[in-house]
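We name chains A, B, ... by the order of the sequence lines, and we start the count at 1 in each one.
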There are 2 protein chains.
Amino acid sequence: MTGINGYIRMSEIESFFKSAFSVDNVIFGFDGSDLKVLLIQRGAAPFKGKWALPGDLVYPNENLDTAAERVLEQLTGLRDVYLEQVKAFGAVNRHPLGRVITIAYYSLIKISDFLVTPASFAQSASWHAVSEVGELAFDHNEILDTCLKSLKRKVRRAPVGFELLPPKFTLTELQQLYEAILDDKLDKRNFRKKILSMNLLLDLNELQEGVAHRPAKLYQFDRDTYEAFVAKGFSFDL
Amino acid sequence: MTGINGYIRMSEIESFFKSAFSVDNVIFGFDGSDLKVLLIQRGAAPFKGKWALPGDLVYPNENLDTAAERVLEQLTGLRDVYLEQVKAFGAVNRHPLGRVITIAYYSLIKISDFLVTPASFAQSASWHAVSEVGELAFDHNEILDTCLKSLKRKVRRAPVGFELLPPKFTLTELQQLYEAILDDKLDKRNFRKKILSMNLLLDLNELQEGVAHRPAKLYQFDRDTYEAFVAKGFSFDL
DNA sequence: CGGACTTATTGTTAAAACAACACCAATTTA
DNA sequence: TAAATTGGTGTTGTTTTAACAATAAGTCCG
């Protein structure tokens, strides 16, 4: 159906409208060696003091995606960020204060863009290596797991990894990012061959600076070429 | 967050609890040549008379998956069926009578099992070829599209196609199923080679009966072997 | 019973993708 | 100028994929 289909009485309808929904956002970042997730420390019950995914109730006149964007912006000040809906979590008792289902999203942000923390509650937000996250509030461990699996799948089939890197990056940095996400070592020569053969990287003819060894060439993701390829049925595959 | 995090007033909380959620279920079947979807004709406003996906509001103390199973069982009488959550749809105005977000699922059933229609509203349910579905109620065309895309992806990476076939089937039937889902012709020899090399089919040493031509061998999906493979990290890929 | 009809079954080959592997180059620093 | 560090590059054998067509086993009809 969806909804009110004539087979339930009006008095019953009201009891259905006693639920709420929220969005929770798994915000991923990459610091050069680890895949990280942005968590907040809860300042109020329930689960006061526990680490949790940033999230909020969805306003009555707000679209789900908009709510997820709002949560992200309130916490990081960032807009126009890569955002993907993953799954709804709706176990009856997942929220101690009532029936709340939550729609899980993940975002990919450039960790270096996250300098200030505009929202009032943000002073208690911090990055945690995904591999070292402890017990979270609510069912947030399950949500994080699901989003991480979803990211692993996604990153092999669409060039979303670039969302986590600064605009200019080296091939080694890119490889380290993939290794962190996939939790697996990749062969350097094969990786470079494959990535470069896709023609999605623009060689900037610039070199790294300030490193104590041979500087690497800097590249930039060529979004225009990518979108032209996609339009023609090209599929990224790693 | 999830929920009530201390940054909104109680009076505001109540207004959040004026929303409802539903599940909608894209029930796929296969009739030997077309991929089909089970639709119901709405008997009440809104969208009275329009075809729609079967769905219902989620009971206050009911899990999402359970609700999707219930919708399926009420319509078809079937239980223990392949069911997958796909996405939440929550545009503010998607439901004319209030804020209702819906969680979309798809199910895969053996069309031959669907003989009787126990639910009272089921007399108006019928199978429609996916390629010929017209305009549906609500945002159900979008939901159907999304579920179909999800099925196409899934069917290449996990052996779920078997859920749509009777227990005994021929390789040609299996191939036709894949062709219907993927909307693409496959090479017969390559298809058979690939499928058989996975060792997921049990040769029953039986032949088709009642066909006006050379009868084909019958096979059965070997779920035990599949699960043993999965446990060892094997991945189905078509 | 034989020929026409229909679908089932099977193998080869060339091209592409993949996996495994090691050495020299460029820069900084001591 | 030598040591340390990371950057960059090719080849080969193996596997996978894609393209392609002839024979086999039954049924049906005359």
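Whole-Å rounding puts the A:Arg192 CZ to C:dC21 C1' distance at 16 Å. The distance from atom CD of B:Glu173 to atom C1' of C:dA8 is 12 Å, rounded to the nearest whole Å. Distance A:Lys194 NZ to C:dA19 P: 7 Å, rounded to the nearest Å. If you take CD of A:Gln208 and C1' of D:dT5, they are 12 Å apart, rounded to a whole angstrom. For A:Asp187 and C:dA17, the CG to P distance is 17 Å, given to the nearest whole Å. Counting to the nearest Å, the C1' atom of C:dA20 and the NZ atom of A:Lys185 are 16 Å from each other. The OH atom of B:Tyr219 sits 12 Å away from the P atom of C:dA8 (whole-angstrom rounding). Atom pair A:Phe191:CZ and C:dC18:P shows a separation of 14 Å (rounding to whole Å applied).
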Produce a footprint string for nucleotides 23-30 of chain D: one letter per nucleotide, 5' end first; B if the base is under 4.0 Å from any protein heavy atom, S if only the sugar-phosphate is, - if neither.
-> -BBBSS--
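One N or O on the side chain of B:Asn141 and one on the backbone of B:Leu136 form a donor-acceptor pair closer than 3.5 Å. The closest donor-acceptor contact from the side chain of A:Gln85 to the backbone of B:Lys87 lies at 3.5 Å or more, if one exists at all.
The two residues A:Lys152 and A:Leu182 make their nearest non-hydrogen contact at O-CD2, 3.9 Å. In terms of heavy atoms, A:Ala68 sits closest to A:Asn25 at O-ND2, 3.4 Å. Taking both residues in full, the closest heavy atoms of B:Asp34 and B:Phe30 are given as O-CD1, 3.3 Å, listed atom of the first, atom of the second, then distance.
Distance from the side chain of B:Ala216 is smallest to C:dA8 among C:dA8, D:dG7, D:dG10. Of the candidate nucleotides C:dT10, D:dA18, C:dA22, C:dT10 has the atom lying nearest to any side-chain atom of B:Arg189.
For B:Glu206 and B:Lys217, the salt-bridge test fails: no basic side-chain N is under 4.0 Å from an acidic carboxylate O.
Side-chain atoms of A:Lys188 and base atoms of D:dG8 include a donor and an acceptor less than 3.5 Å apart.
Between its two ends, the helix from C:dC1-D:dG30 to C:dA30-D:dT1 turns its axis by 0°, counting five pairs per end and rounding to 10 degrees.
Residue pairs meeting the ring pair (Phe, Tyr, Trp, His ring centres under 6.0 Å) criterion with at least one partner in residues 143-168 of chain A, sequence neighbours excluded, are A:Phe162-A:Phe169, A:Phe162-A:Phe221.
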For A:Asp237 and A:Arg156, what are the C-alpha separation, side-chain angles and deciding distance, and is it a salt bridge (Lys or Arg N to Asp or Glu O under 4.0 Å)?
-> CA-CA 5 Å; A:Asp237 222 310; A:Arg156 293 179 156 277; over 6 Å; no
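As judged by a 4.0 angstrom heavy-atom cut-off over every strand, B:Thr170 is placed among residues making no nucleic acid contact. B:Lys193 comes within contact range of at least one nucleobase, with a heavy-atom separation under 4.0 Å.
Inspection of the B:Asp184 and B:Tyr178 side chains reveals no N or O donor paired with an N or O acceptor under 3.5 Å.
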